[in-house]
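Throughout, residue positions are numbered sequentially from 1 according to the sequence presented. Predicted, not measured: the structure shown is a model, and the values here were computed from it.
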Amino acid sequence: MRTIFFICILLCIAGCTEKRNAKSGHVTAYYEGFKNSDYNRIKSTISDSLTIIEGDYIMAFTPEDYYDHFKWDSVFRPVYTLIDLKNEQEHVVATVAVHSLRFEFLKNNPLTCRHRFYFESGKISKIETLDCEDVNWELWQKERDALVNWVKLNHPELDGFINDLSMEGAIDYLHAITWYKKRKVNVTE
């Protein structure tokens, strides 16, 4: 009887460990998809609905909607580095550093944040940003606001780029950054 009891306990422990490893594997594959510009890899890790929470912003996506987000992000040529991965009961917490043209302009490059991953039916269903350890939000906001205000005055055709999360919005954002930097160079000469 004791042998059967111990076998059951070992099977439960092994099953829990296997589930944790599968969840960590999904998070790793998710970031490898970004690293390799492979949306199909990302899509294979997310559930039919994905919620992303960043502070007060809550964004809900289908896999097709998330592809648009992936394309928006890719315009800024991000480089994702998975720094740490921790299993916390039903969740996985990942620490990730991201270098990108956007973060460089906002003077917060890399942006290093911790994200909690939630799972439903074995796939990622929610990603919650917990904290960003090295971010300077005041500097971020100052740079963003300066760019937005300059665009309103000098390139009104791009006005609204900051809230346009389409690929075209990202391209406009990148154009705004490029033109703003050139303007700064011309002013200082």
Side-chain angles (χ1 to χ4, degrees), residues 20-47 49-63 65-120 122-148 161-167 169-171 173-174 176-177:
R20 283 190 205 133
N21 289 339
K23 289 176 181 177
S24 293
H26 279 322
V27 173
T28 300
Y30 173 83
Y31 283 113
E32 284 178 4
F34 278 102
K35 185 177 181 178
N36 298 316
S37 299
D38 182 359
Y39 182 71
N40 287 327
R41 181 98 188 234
I42 294 168
K43 187 177 178 182
S44 72
T45 68
I46 61 177
S47 73
S49 64
L50 175 65
T51 302
I52 296 182
I53 302 170
E54 294 180 356
D56 294 336
Y57 296 101
I58 299 173
M59 299 165 279
F61 298 96
T62 64
D65 295 335
Y66 199 62
Y67 182 57
D68 291 333
H69 175 73
F70 173 80
K71 291 189 296 185
W72 178 88
D73 185 62
S74 69
V75 169
F76 302 105
R77 295 188 297 230
V79 176
Y80 287 81
T81 304
L82 185 56
I83 297 171
D84 189 36
L85 208 55
K86 289 184 181 165
N87 287 302
E88 293 185 348
Q89 296 175 356
E90 296 298 314
H91 314 292
V92 174
V93 175
T95 303
V96 180
V98 183
H99 288 81
S100 78
L101 296 172
R102 182 169 69 103
F103 297 152
E104 180 182 310
F105 174 78
L106 296 169
K107 295 187 171 61
N108 279 277
N109 202 32
L111 182 65
T112 304
C113 299
R114 287 183 330 117
H115 307 277
R116 179 174 289 130
F117 286 76
Y118 298 78
F119 298 85
E120 193 173 288
K123 296 212 174 185
I124 300 167
S125 61
K126 180 167 66 170
I127 304 169
E128 176 184 12
T129 300
L130 301 174
D131 57 59
C132 298
E133 62 189 46
D134 55 1
V135 69
N136 181 336
W137 292 118
E138 287 179 20
L139 183 57
W140 176 295
Q141 186 173 351
K142 177 184 166 215
E143 295 299 316
R144 183 201 62 206
D145 291 350
L147 178 63
V148 168
F161 73 91
I162 200 79
N163 296 313
D164 184 350
L165 298 180
S166 69
M167 189 170 184
I171 291 168
Y173 199 144
L174 206 51
I177 289 171

Does any part of the side chain of [Y], heavy atoms only, come nearer than 4.5 Å to the side chain of [X], both counted from C-beta?
| X | Y | answer |
| --- | --- | --- |
| H91 | E128 | no |
| K107 | K142 | no |
| D68 | L165 | no |
| Y66 | Y39 | yes |
| M167 | V75 | yes |
| T129 | H115 | yes |

Might you confirm whether atom [atom1] of [X] has over 12 heavy atoms from other residues, nucleotides or ligands at distances under 6.0 Å?
| X | atom1 | answer |
| --- | --- | --- |
| Y118 | OH | yes |
| K71 | NZ | yes |
| R77 | CZ | no |

Nearest heavy-atom pair of [X] and [Y]: which atoms, and what distance?
| X | Y | answer |
| --- | --- | --- |
| T112 | A97 | OG1-CB, 3.6 Å |
| A176 | L147 | O-CD1, 3.5 Å |
| F117 | F119 | O-CE1, 3.5 Å |
| T45 | A29 | CG2-CB, 3.7 Å |
| V98 | P78 | CG1-CB, 4.0 Å |
| A94 | L85 | CB-CD1, 3.7 Å |

Verify whether the ring centers belonging to Y30 and F34 lie closer than 6.0 Å. yes

Taking the basic N atoms (NZ, or NE/NH1/NH2) and the acidic carboxylate oxygens, is any pair closer than 4.0 Å for K126 and E120? no

Can you tell me how far the [atom1] atom of [X] sits from the [atom2] atom of [Y], to the nearest 0.5 Å?
| X | Y | atom1 | atom2 | value |
| --- | --- | --- | --- | --- |
| I124 | S49 | CD1 | OG | 12.5 Å |
| L106 | I177 | CG | CD1 | 6.5 Å |
| E54 | I127 | CD | CD1 | 9.0 Å |
| I52 | H69 | CD1 | NE2 | 5.0 Å |
| Y80 | Y31 | OH | OH | 7.5 Å |
| R41 | H26 | CZ | NE2 | 11.0 Å |

Do N109 side-chain atoms and L101 backbone N/O form a donor-acceptor pair below 3.5 Å? no

K35 side chain to T81 backbone, donor-acceptor under 3.5 Å: no

Kindly write out the residues that satisfy side chain to side chain donor-acceptor pair (under 3.5 Å) with N108, not counting sequence neighbours, or none if the list is empty. none

Side chain to side chain donor-acceptor pair (under 3.5 Å) with D65: which residues, sequence neighbours excluded? T62

Parallel, tilted or perpendicular, judged at 30° and 60°: which one describes the rings of [X] and [Y]?
| X | Y | value |
| --- | --- | --- |
| W140 | F103 | tilted |
| F161 | Y173 | perpendicular |
| F76 | W72 | perpendicular |

